[in-house]
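Just so it is clear, the values below take in all heavy atoms, side chains as well, and ignore hydrogens, waters and symmetry mates.
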Number of protein chains: 2
Amino acid sequence: MAGGSREPGRSVTSKILAIFEAFEAAPGPMTLAEICSATGLPTSTVHRLLAELSSSELLERTSSGRYQVGIRLWELAQKAGRHLRETARPWIQDLAAVTNQGVTITVRKGRDSLVIDRAHGDQNLAVTSKVGSRLPLHASAAGKVLLAFETEWVRRNYLSEPLRKLTPVTHVDQRELEEELAAAAQDGYAQSLQEVRAGASAIAVPVFHSGQVASAICIVAEASRVTELKRYLPALRATAAKIENATRHLSRDAVIGAEYADGSLPQD
Amino acid sequence: MAGGSREPGRSVTSKILAIFEAFEAAPGPMTLAEICSATGLPTSTVHRLLAELSSSELLERTSSGRYQVGIRLWELAQKAGRHLRETARPWIQDLAAVTNQGVTITVRKGRDSLVIDRAHGDQNLAVTSKVGSRLPLHASAAGKVLLAFETEWVRRNYLSEPLRKLTPVTHVDQRELEEELAAAAQDGYAQSLQEVRAGASAIAVPVFHSGQVASAICIVAEASRVTELKRYLPALRATAAKIENATRHLSRDAVIGAEYADGSLPQD
DNA sequence: GCCCGGCTTCCACTGGGTGGGAAGCAGCTG
DNA sequence: CAGCTGCTTCCCACCCAGTGGAAGCCGGGC
């Protein structure tokens with residue numbers, strides 16, 4: 001029988017989530033055994049859940065019998081954040097074409113900035129973060145902008161915890177960052193000179209909605225000097241204004257993640 | 001007590017899926033009561049599941065207390081089909097910029113074509129299908145291509161069932177379509193002249209991977225004459241070749257949906 | 001204030017979920 | 001090619017997580 005040593009308190013929902021999170025961390029398709037060890041769930045349980053998820057196409061099986069995230073899940077998820085993404089996309093693409101650089105649009109999600117779309121200039125894809133990737137707020141240009149224009153206590157809260165050094169030049173000193181963010185709020189832009197990845201620098205400006213920062217748009221380039229990045233400011237600002245204008249008619253909830261509603265900063 | 005009249009045989013997984021599918025059909029955020037009537041599940045059950053899904057951010061609550069699909073679900077789903085989407089994107093965008101028309105890339109999913117990415121030319125977004133939208137294979141240009149280059153029995157199977165007329169000019173006669181698809185296979189492209197939406201026409205070519213159709217790329221324009229659409233053929237073909245080349249190193253499972261693996265055509 | 005519709009909480013019951021084990025299977029290896 | 005090994009699939013008795021009816025709660029309209 002089963003119950004004897006089973007750890008109680010894990011809902012089915014949490015198990016399903018654990019499985020999907022296992023896929024998020026994995027580099028490619030996974031075998032049953034790999035999923036088991038990643039989630040810590042017993043084989044037969046995982047097997048049954050995988051079979052159920054596969055039958056509804058939330059997962060797919062590769063020809064070798066491994067499992068991978070299914071396109072059906074992608075379909076269901078398309079609704080999330082669609083308004084902002086689709087409204088902003090044309091402007092992002094224009095900006096990428098005009099500047100011939102990589103452009104991203106990001107939102108704040110807890111203590112990270114989350115890339116929700118990007119466009120390329122020519123072929124310089126390598127430096128631009130992928131869609132869906134997360135970066136700590138203090139390292140990326142977009143993150144700094146999102147933080148700089150947040151409410152005082154969100155910013156305080158964020159800076160009070162230890163900050164990770166992604167590269168040798170990532171700013172992690174609290175006092176220094178406070179000043180940098182104050183300057184960013186003043187000037188209306190922030191930059192990150194190789195603070196995320198060596199060789200990649202970026203400049204970002206905020207996009208507002210109903211009086212709050214909703215997102216940030218960011219140009220990523222291989223340039224290493226501020227003066228070069230600053231050239232892009234007028235184009236960036238013009239694009240931000242266009243996006244603000246295009247999203248004005250959208251509801252606040254469609255543009256600003258629901259977590260923002262009460263100003264909370266949930267920890268992961 | 002509970003069990004008395006409860007309908008057995010519904011797993012938790014199926015209930016969660018039902019909830020997400022309710023969101024897919026809805027135009028915007030939903031209230032608890034709306035989700036209940038959409039799914040047919042009892043209020044308290046839905047309430048508990050929603051609370052659980054919201055706590056893991058798979059769903060979000062709007063400021064008015066309604067529920068909507070959360071960005072976390074979108075994040076988890078980003079992995080699905082990422083390789084094809086991200087590899088193809090630059091070429092799609094270039095094609096859109098060069099032709100100044102809307103461009104989509106689609107894959108076959110059961111009896112539908114599914115738009116997995118798009119790019120715009122100038123501002124003509126209205127005519128191009130949204131990312132994530134499905135269209136029957138016989139109506140869209142991309143669908144015709146996907147069908148024309150499929151194996152004989154998949155095509156037969158598809159044509160044997162009744163076909164829906166999306167507009168007055170949608171081709172639905174089996175014999176006629178068979179000939180049209182044969183011609184498409186011969187010529188290497190297919191078109192749809194206002195067969196999906198009045199005023200929108202399109203031309204599409206296949207993208208192959210390991211000897212099979214993997215996807216189709218499609219130019220959507222307001223043009224209504226074939227000759228105009230045909231102008232885009234060289235550019236389309238060049239783009240398809242570039243994508244084929246860029247995806248060559250990818251595994252078959254990353255490019256072709258797993259359902260293709262055994263050639264099956266699952267019904268919804 | 002009172003009513004009404006929808007949201008939230010409560011709680012006893014029970015069947016879907018569970019997971020150890022055993023049988024199947026594919027891919028090596030000597 | 002038999003024997004082995006690691007993974008997947010199937011089985012089934014047990015029992016707790018999930019269930020859902022009903023009762024409380026909250027807010028907004030009249």
*Asks:* Whole angstroms only, please: what is the CZ-C1' distance between B:R10 and C:dG17?
*Replies:*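 About 16 Å, once rounded to whole Å.
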*Asks:* Reckon A:K15 has a side-chain N or O less than 4.0 Å from the OP1 or OP2 of C:dT18?
*Replies:*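 Yes, A:K15 has a side-chain N/O under 4.0 Å of OP1/OP2 on C:dT18.
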*Asks:* Round to the nearest Å and state the distance from A:I19 atom CD1 to C:dT18 atom C1'.
*Replies:*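 A:I19 atom CD1 is separated from C:dT18 atom C1' by 14 Å.
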*Asks:* In this structure, how many angstroms lie between the P atom of D:dG18 and the CD1 atom of A:I16, rounded?
*Replies:*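 Roughly 10 Å, once rounded to whole Å.
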*Asks:* Regarding A:R85 and A:D117, does a basic nitrogen lie under 4.0 Å from an acidic carboxylate oxygen?
*Replies:*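 Judged by the 4.0 Å cut-off on N to carboxylate O distance, A:R85 and A:D117 do not form a salt bridge.
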*Asks:* Find out whether B:L41 and B:R10 are in side-chain contact, i.e. whether some heavy atom of one side chain is under 4.5 Å from a heavy atom of the other.
*Replies:*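 Of all side-chain heavy-atom pairs linking B:R10 with B:L41, at least one is under 4.5 Å.
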*Asks:* Is the distance from OP1 or OP2 of D:dT19 to the nearest side-chain N or O of B:R48 less than 4.0 Å?
*Replies:*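 So the side-chain polar atoms of B:R48 do come within 4.0 Å of the phosphate oxygens OP1 or OP2 of D:dT19, strictly under.
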*Asks:* Which residues pass the ring pair (Phe, Tyr, Trp, His ring centres under 6.0 Å) test with B:F208, sequence neighbours left out?
*Replies:*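 Result, ring pair (Phe, Tyr, Trp, His ring centres under 6.0 Å) vs B:F208: B:F149.
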*Asks:* CZ/B:R108 to CG/B:L147 distance, rounded to the nearest 0.5 angstrom?
*Replies:*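 If I round to the nearest 0.5 Å, the distance is 8.0 Å.
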*Asks:* Assess, by modelled atom type and distance only, whether the side chains of B:E60 and B:S54 contain a donor and an acceptor separated by less than 3.5 Å.
*Replies:*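 No - no donor-acceptor pair under 3.5 Å links their side chains.
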*Asks:* Using whole Å, what does the distance between atom P of nucleotide C:dG19 and atom CD1 of A:I35 come to?
*Replies:*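 Those two atoms, CD1 and P, are 16 Å apart.
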*Asks:* Grab the CG-P distance between A:L50 and C:dT18 for me, whole Å please.
*Replies:*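 Rounded to the whole Å, the gap is 12 Å.
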*Asks:* If you restrict it to nitrogen or oxygen atoms, what contacts under 3.5 Å exist between nucleotides 7-11 of chain D and the protein, and what is each distance?
*Replies:*
{"residue": "D:dT8", "atom": "OP1", "partner": "A:L32", "partner atom": "N", "Å": "3.1"}
{"residue": "D:dT8", "atom": "OP2", "partner": "A:A33", "partner atom": "N", "Å": "2.8"}
{"residue": "D:dT9", "atom": "OP1", "partner": "A:R61", "partner atom": "NH1", "Å": "3.1"}
{"residue": "D:dT9", "atom": "OP2", "partner": "A:H47", "partner atom": "NE2", "Å": "3.2"}
{"residue": "D:dT9", "atom": "O5'", "partner": "A:H47", "partner atom": "NE2", "Å": "3.4"}

*Asks:* For a quick check under 3.5 Å, do A:Q68 and A:T62 share a side-chain donor-acceptor pair by atom type?
*Replies:*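 No, no side-chain donor-acceptor contact under 3.5 Å.
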